[in-house]
2 protein chains.
Amino acid sequence: MPKPEVDPTATLDLRVDRTSPVPLYFQLSQQLEAAIEHGALTPGSLLGNEIELAGRLGLSRPTVRQAIQSLVDKGLLVRRRGVGTQVVHSQVKRPLELSSLYDDLEAAGQRPATSVVVNTVVPASAEVAAALGVAEGSEVHRVERLRLAHGEPMAYLVNHLPPGLLDLDTGQLEATGLYRLMRAAGITLHSARQSIGARGATAPEAERLGEAEGAPLLTMQRTTFDDTGRAVEFGDHIYRPSRYSFEFQLLVRP
Amino acid sequence: MPKPEVDPTATLDLRVDRTSPVPLYFQLSQQLEAAIEHGALTPGSLLGNEIELAGRLGLSRPTVRQAIQSLVDKGLLVRRRGVGTQVVHSQVKRPLELSSLYDDLEAAGQRPATSVVVNTVVPASAEVAAALGVAEGSEVHRVERLRLAHGEPMAYLVNHLPPGLLDLDTGQLEATGLYRLMRAAGITLHSARQSIGARGATAPEAERLGEAEGAPLLTMQRTTFDDTGRAVEFGDHIYRPSRYSFEFQLLVRP
DNA sequence: TCAATCCGTATGTCCGGACAATCGAACCTC
DNA sequence: GAGGTTCGATTGTCCGGACATACGGATTGA
């Protein structure tokens, strides 16, 4: 008795719109991703060979490969030579992107509240100058913010920015996140260097966050670079570990 | 006066060996990466157009594009339509890989020492069972290790593994890291889900790490999956923040 | 029964070409 | 001189084909 061995993509209603300005490979990868997310393509199922899929959609094989490759890069698919391409047994969600705390909270359905404590220009300390690549003592922006969730203090954020990059409006800073402001100003974020640690709260820190002195805090330092390599932001943040932890997914690059 | 506008790749001694089994695009990307690392391609410099580069090397444009794309994915290069491809102003080192503490320490030039405290089989707790996807109460491996650097306790690592995956030899566990043992056993690591937080040390934890009770600790929980989607490891680790912090670089996916 | 070999299948690599979209600079107009 | 426009340069997308390579199962042999 022969096994059915149906190609699960055959039952899918895959279509591409050649009049659309959206690239064909992107249209296909989006539909495949949606099918995986939606459960139409179950984990472990084989995807059927690229040649046939290309023929069925009226696309060339390189285009189909490009679509599949983008999902492999996202960790949703796995290719095996001589075997085929199969859906990873889910569990994968986000491969760790450079997200802001604001976006994280909003994605979690919370309405983060921010109060700007300090928004001024100061001479750069040695640490800040080194991180931003400016001269020590030169003027930089300094922003201190208290972030609340459900009315409770959650984090205290200190950021330094090089001068002339962005005009930091206190109202905007309270309405949205710093990253959104930078992106809106035409800055293309490229990479960031982060360090996550822990330490006890100092007296003023404890006061601000409503914790006891010496209480464990989660700390994060981050320098963010744009695509020209310029440092565009240096942040020194502390979080209440009872309210926040860093959650992320990461992929093994093959 | 006309600007020179030399193509920096023109002065490079780029060559590909067609008799080698190493893919051509990979040979090229490696040479370009080495040139960037070595300083022959300086940050900000334009790379010269793909067509000409392909012609000079006797390669087709898709092959050259594949080489360049892999470096773009690594964050070393940036492409701009109508402009060209240029080298990112360094700062980039590792785009965050799934590394083990053992490898991290070894890369930092330290000789990590490990003492296996517990290596046994236990019934899975609810938490472990959920993480590994096995039935609660079913047998799983449990390993507890104390990791030292420079003779000082640095971290206490508790790991659970599904049965039958790997035979955990105490001697091997003390000589190398868990991830290496898994890879050596033919397991292809694919992704991991991590959570990093902080809390105060309990009395037994403080005892083991040589800290005071209530001292801030850095905590990390991780579930690792292989490329079939199986959970292959669930770790619950605590670190002394004075001795260790998480450092990594991450890229903004465009 | 078990091991080595063969073979079909699917992905991996590579080619050469074509046109579109976008950026930046030179150019032109007002 | 300020503004918009044209145009060359470069990457982005897509095609159709070819051969190489590795995996898994079936076949063959000991």
Side-chain angles (χ1 to χ4, degrees), chain A residues 2-3 5 7-10 16-30 32 44-73 77-87 186 188 227-228 254, chain B residues 1-3 5-10 16-30 32 44-73 77-87 186 188 227-228 254:
Chain A
K3 275 194 299 181
E5 279 296 352
D7 176 357
T9 62
V16 291
D17 175 10
R18 284 186 176 273
T19 67
S20 163
V22 178
L24 301 179
Y25 77 90
F26 192 75
Q27 292 183 36
L28 177 54
S29 72
Q30 276 194 319
L32 289 176
S45 62
L46 250 52
L47 214 60
N49 76 56
E50 300 168 348
I51 314 266
E52 196 232 345
L53 183 55
R56 185 140 38 88
L57 288 167
L59 297 172
S60 70
R61 188 181 164 212
T63 302
V64 173
R65 271 185 73 78
Q66 194 173 0
I68 292 177
Q69 188 58 46
S70 71
L71 297 181
V72 171
D73 291 340
L77 298 178
V78 179
R79 322 177 88 133
R80 288 175 205 271
R81 188 190 296 210
V83 180
T85 305
Q86 60 183 157
V87 182
T188 308
D227 58 1
T228 70
Chain B
M1 189 166 60
K3 275 194 299 183
E5 279 297 351
V6 253
D7 176 358
T9 62
V16 291
D17 174 12
R18 283 184 177 276
T19 68
S20 164
V22 178
L24 301 178
Y25 77 91
F26 192 75
Q27 293 183 36
L28 177 55
S29 71
Q30 274 193 319
L32 289 176
S45 62
L46 252 51
L47 215 60
N49 75 59
E50 300 167 347
I51 313 266
E52 196 233 345
L53 184 55
R56 186 140 38 86
L57 288 168
L59 297 172
S60 71
R61 189 182 163 211
T63 303
V64 172
R65 272 184 73 78
Q66 194 173 0
I68 292 177
Q69 188 58 45
S70 71
L71 298 181
V72 171
D73 291 340
L77 298 178
V78 178
R79 322 177 87 133
R80 287 176 206 273
R81 187 188 296 209
V83 180
T85 305
Q86 61 184 154
V87 182
T188 307
D227 58 0
T228 69

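The chains referred to below are lettered A, B, ... by the order of the sequence lines, with proteins before strands, and numbering in each begins at 1.
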Atom-pair distance ([atom1] on [X]; [atom2] on [N]), nearest Å:
X	N	atom1	atom2	answer
B/Arg65	D/dC14	CZ	P	11 Å
B/Arg81	D/dT11	CZ	C1'	6 Å
B/Gln66	C/dT13	CD	C1'	7 Å
B/Gln69	D/dT13	CD	C1'	13 Å
A/Gln86	D/dC23	CD	P	14 Å
B/Leu57	C/dC15	CG	C1'	15 Å
B/Tyr25	D/dA20	OH	P	18 Å
B/Arg18	C/dT13	CZ	C1'	11 Å

Whichever of A/Pro21 and A/Thr85 has the more 5' nearest nucleotide on DNA chain C, that residue is A/Thr85

Is B/Ser60 near enough to C/dG17 that one of its side-chain N or O atoms lies under 4.0 angstrom from OP1 or OP2?
no

Under 4.0 angstrom between A/Thr63 side-chain N/O and D/dT13 OP1 or OP2:
no

Heavy atoms under 4.0 Å, any strand shown: does A/Pro23 hit a base, just sugar-phosphate, or nothing?
sugar-phosphate

Name the closest nucleotide to the [X] side chain, picking from [options].
X	options	result
B/Arg61	C/dC14, D/dG12, D/dG16	D/dG12
A/Leu24	C/dC15, D/dG16, D/dC14	D/dC14
A/Arg79	C/dT22, C/dT11, C/dC15	C/dT11

Could you walk me through whether B/Val72 and B/Val78 pass the side-chain contact (heavy atoms from CB on, under 4.5 Å) test, one step at a time?
CA-CA 6 Å; B/Val72 171; B/Val78 178; over 6 Å; no

